[in-house]
Structure formats: C-alpha cells, structure tokens
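A quick note: this is a predicted structure, and the numbers were derived from the prediction, not measured.
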Amino acid sequence: MKNIVMMMCLVFVGLSTQAQEKKNKNAKYTFEVNGNCEQCKKRIEKAAYNVTGVKSAGWDVETHQLSLIINEEKTNVLEVKKAIANVGHDTEDIKTTNEIYEKLHSCCKYDRK
C-alpha cells in the first residue's frame, strides 16, 4: 500500500513539473537600431549590456542590426530596446525622446523616421 501511494505521489510531481512553462534561458534576437558610427556602436552596446540578463550584444555599423543573446529568465527584448532609447537611439518599437536625441554628438544624429 505504501508503495502505491509513493508511486502516485511521484507520478503527480512528475506531471506537475512538466506542465510548467519553461522559458528559453538563452535566446537570440536581431533587430534594427538607428545610428551612424563607432561612437553609436559603443553607446548602443553599452546600453544593452547594462540590462541585467544580456549575455551578448553586437551592433553592426553598416547594417544597423543589433544581435543579442539574452537570458529570458532575467529580461526581455523590450527592456533592452527601452535602455537603447534612453541613450538616444530609435528601434522599430521604441523611439527616443527629442530631448535625448538632441544631446547626441552631431555625427551620431541619424535620419529619424
């Protein structure tokens, strides 16, 4: 009888842990970030790395694409985009304010859409 009860408990625990949604611990994302130069590259990457959970961030000056690897248990892409907007760079989803944009160095001012 004890063995049957113990077996039922193990089955219940096993099924309940499988039912929980698991987030992808390290996920890769690529999206466009507006900018012009190496100074922009440093600023964008630094803003991304300042978000807890960002494992890797690389912005390409030519394509304007930011490649990220993030720990989805600690952050999400929207948080990274907000951090980038806070340093003066637009993404498709999040735009920086005019006040922050105007503080950028003249070579960093990109054409805003």
Side-chain angles (χ1 to χ4, degrees):
M1 183 68 170
K2 286 183 182 181
N3 288 342
I4 294 175
V5 172
M6 184 71 100
M7 198 62 136
M8 295 290 277
C9 288
L10 286 174
V11 169
F12 177 73
V13 170
L15 291 175
S16 65
T17 57
Q18 287 180 344
Q20 294 177 358
E21 179 183 339
K22 293 183 180 180
K23 289 187 177 182
N24 187 359
K25 190 167 184 168
N26 291 320
K28 296 178 183 181
Y29 295 93
T30 302
F31 56 89
E32 185 175 354
V33 179
N34 292 326
N36 291 328
C37 60
E38 289 296 321
Q39 201 173 21
C40 295
K41 177 180 175 65
K42 289 178 186 176
R43 187 181 309 106
I44 292 165
E45 290 175 357
K46 183 178 179 182
Y49 277 118
N50 283 335
V51 177
T52 302
V54 172
K55 301 287 185 185
S56 173
W59 185 74
D60 187 274
V61 176
E62 298 296 319
T63 64
H64 297 180
Q65 295 293 308
L66 177 66
S67 298
L68 285 177
I69 299 175
I70 63 171
N71 180 336
E72 289 188 321
E73 293 176 346
K74 296 182 179 180
T75 193
N76 58 53
V77 176
L78 189 59
E79 291 303 315
V80 176
K81 289 180 178 182
K82 287 178 186 177
I84 291 168
N86 285 336
V87 297
H89 296 275
D90 291 342
T91 64
E92 186 177 305
D93 301 324
I94 307 290
K95 307 293 183 200
T96 190
T97 64
N98 288 331
E99 294 79 24
I100 295 172
Y101 174 78
E102 290 303 322
K103 291 179 183 176
L104 291 175
H105 189 272
S106 60
C107 73
C108 296
K109 292 188 177 176
Y110 50 89
D111 293 329
R112 295 189 82 186
K113 297 174 185 173

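Just one of Asn34, Asn98, Thr96 meets the side chain to side chain donor-acceptor pair (under 3.5 Å) condition when paired with Arg112; it is Asn98.
Here the closest non-hydrogen pair linking Ala83 and Val51 is CB-CG2, 3.6 Å. Scanning all heavy atoms of the two residues, the minimum distance from Val87 to Ala47 falls at CG2-CB, 3.8 Å. Nearest heavy atoms, Gln39 versus Cys107: OE1-SG, 3.5 Å.
No more than 12 heavy atoms of other residues, nucleotides or ligands sit less than 6.0 Å from atom CD of Glu92.
One hydrophobic cluster holds both Phe31 and Val61 under the rule that ILVMFWY side chains link at heavy-atom gaps under 4.5 Å. Hydrophobic cluster membership is shared by Val54 and Leu66, with clusters built from Ile, Leu, Val, Met, Phe, Trp and Tyr side chains linked at under 4.5 angstrom. Note on Val33 and Tyr29: same hydrophobic cluster, where clusters join Ile, Leu, Val, Met, Phe, Trp and Tyr whose side-chain heavy atoms are under 4.5 Å apart, directly or indirectly.
Between Glu79 and Lys82, at least one side-chain nitrogen of the basic residue sits less than 4.0 Å from a carboxylate oxygen of the acidic one, meeting the salt-bridge criterion.
Interatomic distance, CG of Asn36 versus NZ of Lys109, reported as 11.5 Å (0.5 Å rounding). Distance check: Cys108 SG to Lys41 NZ gives 13.5 Å after rounding to the nearest 0.5 Å. One distance of note links CG of Asp90 with CG of Asp111; it measures 11.0 Å at 0.5 Å rounding. Expressed to the nearest 0.5 Å, how far NZ of Lys81 lies from CG of Asp93 amounts to 3.5 Å. If you take CD1 on Ile100 and NE2 on His89, they are separated by 10.5 Å, rounding to the nearest 0.5 Å.
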Report task. Start with the C-alpha gap between Cys37 and His105, add the side-chain angles, then the distance that decides, and say whether side chain to side chain contact (heavy atoms under 4.5 Å, CB included) holds. Result -> CA-CA 11 Å; Cys37 60; His105 189 272; over 6 Å; no
Query raised in the report: What's the verdict on side chain to side chain contact (heavy atoms under 4.5 Å, CB included) for Ile94 and Ile84, showing C-alpha distance, side-chain angles and the deciding distance?
Result: CA-CA 9 Å; Ile94 307 290; Ile84 291 168; over 6 Å; no
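Lys95 is linked by a salt bridge (Lys or Arg N to Asp or Glu O under 4.0 Å) to nothing, counting only residues two or more places apart in sequence or in another chain.
In this pair, Tyr110 and Tyr101 present their aromatic rings perpendicular. The plane angle is above 60°, beyond the 30 to 60° band.
Applying the side chain to side chain donor-acceptor pair (under 3.5 Å) test to pairs two or more places apart or on separate chains, those with a residue in residues 48-61 are Asp60-Thr63.
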